[in-house]
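Take a look at the structure below.
Keep in mind that this is a model prediction, so the values were computed, not measured. In what follows, chains are A, B, ... by sequence order, proteins preceding strands, each numbered from 1.
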4 protein chains.
Amino acid sequence: MLEQNQIWDQLSLDKEEFTPKQKKIIAAAIEIFAEKGYAATSTSEIAKKAGVAEGTIFRHYKTKKELLLSIVAPMMAKMIAPLVIKDINRVLDKDYDTLEDFLRAMIKNREAFVEKNILLFRILVQELPFQKELQEQFLEHIAAKIYIRMEKVVMHYQEKGEIMVMPSKTVIRLFLSTIFGHLIARFFIVSSEEWEDEEEMERTIQFLVKGLSE
Amino acid sequence: MLEQNQIWDQLSLDKEEFTPKQKKIIAAAIEIFAEKGYAATSTSEIAKKAGVAEGTIFRHYKTKKELLLSIVAPMMAKMIAPLVIKDINRVLDKDYDTLEDFLRAMIKNREAFVEKNILLFRILVQELPFQKELQEQFLEHIAAKIYIRMEKVVMHYQEKGEIMVMPSKTVIRLFLSTIFGHLIARFFIVSSEEWEDEEEMERTIQFLVKGLSE
Amino acid sequence: MLEQNQIWDQLSLDKEEFTPKQKKIIAAAIEIFAEKGYAATSTSEIAKKAGVAEGTIFRHYKTKKELLLSIVAPMMAKMIAPLVIKDINRVLDKDYDTLEDFLRAMIKNREAFVEKNILLFRILVQELPFQKELQEQFLEHIAAKIYIRMEKVVMHYQEKGEIMVMPSKTVIRLFLSTIFGHLIARFFIVSSEEWEDEEEMERTIQFLVKGLSE
Amino acid sequence: MLEQNQIWDQLSLDKEEFTPKQKKIIAAAIEIFAEKGYAATSTSEIAKKAGVAEGTIFRHYKTKKELLLSIVAPMMAKMIAPLVIKDINRVLDKDYDTLEDFLRAMIKNREAFVEKNILLFRILVQELPFQKELQEQFLEHIAAKIYIRMEKVVMHYQEKGEIMVMPSKTVIRLFLSTIFGHLIARFFIVSSEEWEDEEEMERTIQFLVKGLSE
DNA sequence: GATGAATGAGGTTTCATTCAT
DNA sequence: AATGAATGAAACCTCATTCAT
């Protein structure tokens, strides 16, 4: 079973809002959804794992889908947290002299986040293609915001001459697919014993810095 | 409905082996699996779309899962086709002078392949996390073979000084995630009107070449 | 929502006996039972409409059926009120010279009663076929009493030569179905704008008087 | 269990259209719906009584409500059969000299019909207040047609001086409530041993003839 | 090879009722 | 008196699969 404290802290949900049984339901649902996928998970299975009557699930969530969304939606909000810095320009000027420094901070931070939320991350990635509600939320609230913020960052480093002249859309795509590839290899493919974390991260950063340079 | 000829050609299945009803079943299954996912698709839905009685599906496939596998498995084989060249060394020596040429040929080829098989590609990517049988097949027959072949390629260009010294695993990871990111952006995210194919491909190639160079 | 005073007055229930929440429960139950029928009404729906917790209903009524009976039973008692006159013979001699006068008074009185209790009347009529308890109550306490009283009335007017010689059972049946038909047309079928109350009532009375006359 | 032949004949349904199991389902549903009401009847109960798996019901009817409607709707059509005579005027001229003859024929015919379909009649009467679909069908296809035909009949006998001058709506209402009252007393209230059929019918006819006369 | 009726296990959801607070 | 979380039985319905034709 999940160490539950983690979930509530990460999703910054007010722990008090949930009854103990509800917390068990959420924890159980996360584990099974991640393992089998939403459609292949039965509510009776969740109830059993949570040690709860099946009816109890439906006291708290009108439908099975509502349970899924209540779990995944807050996760999406948290994903863009590091980009919701109020004045990202100032941060860029002061905190990160070079693109390399910025990338290193970014990757470390997101890697830590995903590490603490692997299961939620899995569910999000796996269900995004099927759940219209998630897609809408993702496009409206997440993708748009990420894009606006990253465009600023890209232009900032293009002005400084660290990123070659190229449409920022393309830069963002190349950047995101490299990061995603890194995270997916790290958490879903390569077994953790084989993975040399520091070295791989440095190589990924070097690859990005060189690939994007003029 | 799919233009069906395509499927049989691409999967190099002997068209004669299938009854007309069976072909309709396969075509229908591909479309619905891709749209809703395997677990959320019912056999009755497939039967209806195929214009076939429910029982007919089970004449040809013992179970629903067998139907899925019979669709996805040949797809996996085809995916590695360009790497199953008998003597890849010779090809490298003669055909592609530079890494850039090799990458260009490779990406164009795979892009064409995925374009003709988007639906099958979707199903593969979406079901891989859930279907043990697919994972096994993928690891044993696909991933391993790809890895062996690509390692040769990587070492070949490392010797030529076009790729920096780095574990080939890492090179392959960086390479694949860039290509995958390219394909996913191309086929699943960016609307086809907005996508400037030639330019994006060139930028992706430049990014790879520079990122991997010494 | 019902104007609640009406209910308590009509049913001559001691208003003081009920807590405010209980009154809301009764009012809500009447409305929903009348609209959807007892079996298709859920206690949670009643609770929501009453603005009360689900448990509260079961503080006051052991079961859902007890709630129904507590609502409909007093209604039945009230229905026969005008016939529970202690010495109906005296009344007949003095108050109503002719059958016509008697019928007119009777119909006006019952029409007014039903008008003030349409919802309760609906529930009674709709549930009578299904609730054994109601049927028993109805047969023992209502039907029997009505019959005994009406038999006296019928014989009274037969002696006066205003009703033809015929078994009183048949007279009562013809009389009741005419009245019921009148009430049902008035309250359930014909829209109130189209209904010419005075005229229809007179025609119904004429029909009865003539139909029953020698 | 119902004698099944009756149902199919009465509803003039093509017996061949139904599988044996489906016929059992319909017969079982009719009995239980009539006894307990639609809402209080469970599909599992119907399945058990029909000797059929529960799933079988839903192969033939998408929902429980569809089962209900498929049973009651044809019944409504049959109810107005005797009025759907192509040229009702001719029939009136030739066949029935007096109102009394007409009424006698009519009542006997409908009594026979209801007798053969008591259960269906019960279901119809009991569910009409709750099922919007039934109400719509009833108003559009039944009530309107009945009204049009009966108006002709009423005017016919008014011209012959056998019915007093009065809005035909009112005549029809008085007529229908008397007939309904007769049928309900006959089939739902008075036990069959006590009911003197011929006599009661004659009295009802006399009552109507006199009540409606000038 | 093809059908489609039939199945029964299991799916999601509803519901009357209980009980600790 | 009132709450509302919790229950578990049962509701309606879906589904993969079987089988006689």
Between P of dA2(E) and NZ of K24(B), the distance in whole Å: 10 Å
In whole Å, what is the span from the NZ atom of K64(D) to the P atom of dT14(E)? 15 Å
Under a 3.5 Å cutoff, is there a donor and acceptor pairing between the side chains of Y61(A) and Q22(A)? yes
Which nucleotide in dT13(E), dG1(E), dT7(E) has an atom nearest any side-chain atom of T63(A): dT13(E)
For dT21(F), the nucleotide meeting Watson-Crick or G-U wobble distances (both under 3.5 Å) is dA2(E)
Report the distance from atom CD of E54(C) to atom C1' of dA20(E), rounded to the nearest whole Å. 17 Å
When you check the phosphate oxygens OP1 and OP2 of dA16(E), does a side-chain N or O of T43(C) lie under 4.0 Å from one of them? yes
Separation of atom CG in L67(B) from atom P in dA16(F), rounded to whole Å: 11 Å
In whole angstrom, what separates H60(A)'s NE2 from dT12(E)'s P? 18 Å
Starting at CD of E45(A) and ending at P of dT13(E), how long is that distance when rounded to a whole Å? 16 Å
Quiz question: by atom type and distance under 3.5 Å, do the side chains of E54(D) and S44(D) form a donor-acceptor pair? no
Tell me which of F58(D) and I57(C) sits closer to the 5' end of DNA chain F, going by the nucleotide each one is nearest to. I57(C)
Whole-Å distance separating the NZ atom of K21(A) from the P atom of dC19(E): 15 Å
Side-chain donor/acceptor of E127(A) to backbone N/O of Y38(A), under 3.5 Å: yes
Does dG11(E) have OP1 or OP2 sitting under 4.0 Å from an N or O in the side chain of S44(A)? yes
When rounded to whole Å, the CD1 to C1' distance for the pair I32(C) and dC15(E) reads 14 Å
Any idea which of dA5(F), dT3(E), dT7(E) is nearest the V52(D) side chain? dT7(E)
Is K64(B) close to I57(B) at the side-chain level, that is, under 4.5 Å between some pair of heavy atoms? no
Identify which nucleotide among dA16(F), dA5(F), dG8(F) has an atom closest to any side-chain atom of S42(B), counting heavy atoms from C-beta outward. dA16(F)
Mind checking who dC12(F) pairs with, Watson-Crick or G-U wobble, both distances under 3.5 Å? dG11(E)
Minimum heavy-atom distance between A73(D) and Q137(D), given as atom pair plus value: CB-OE1, 3.4 Å
Please check the phosphate of dA6(E) (OP1 and OP2 only) for any side-chain N or O of T19(D) closer than 4.0 Å. yes
If you find the nucleotide of DNA chain F closest to A40(B) and the one closest to R59(C), which residue's nucleotide is nearer the 5' end? R59(C)
Taking for A39(A) and for Y38(C) the nucleotide of DNA chain E with the nearest heavy atom, the one nearer the 5' end belongs to A39(A)
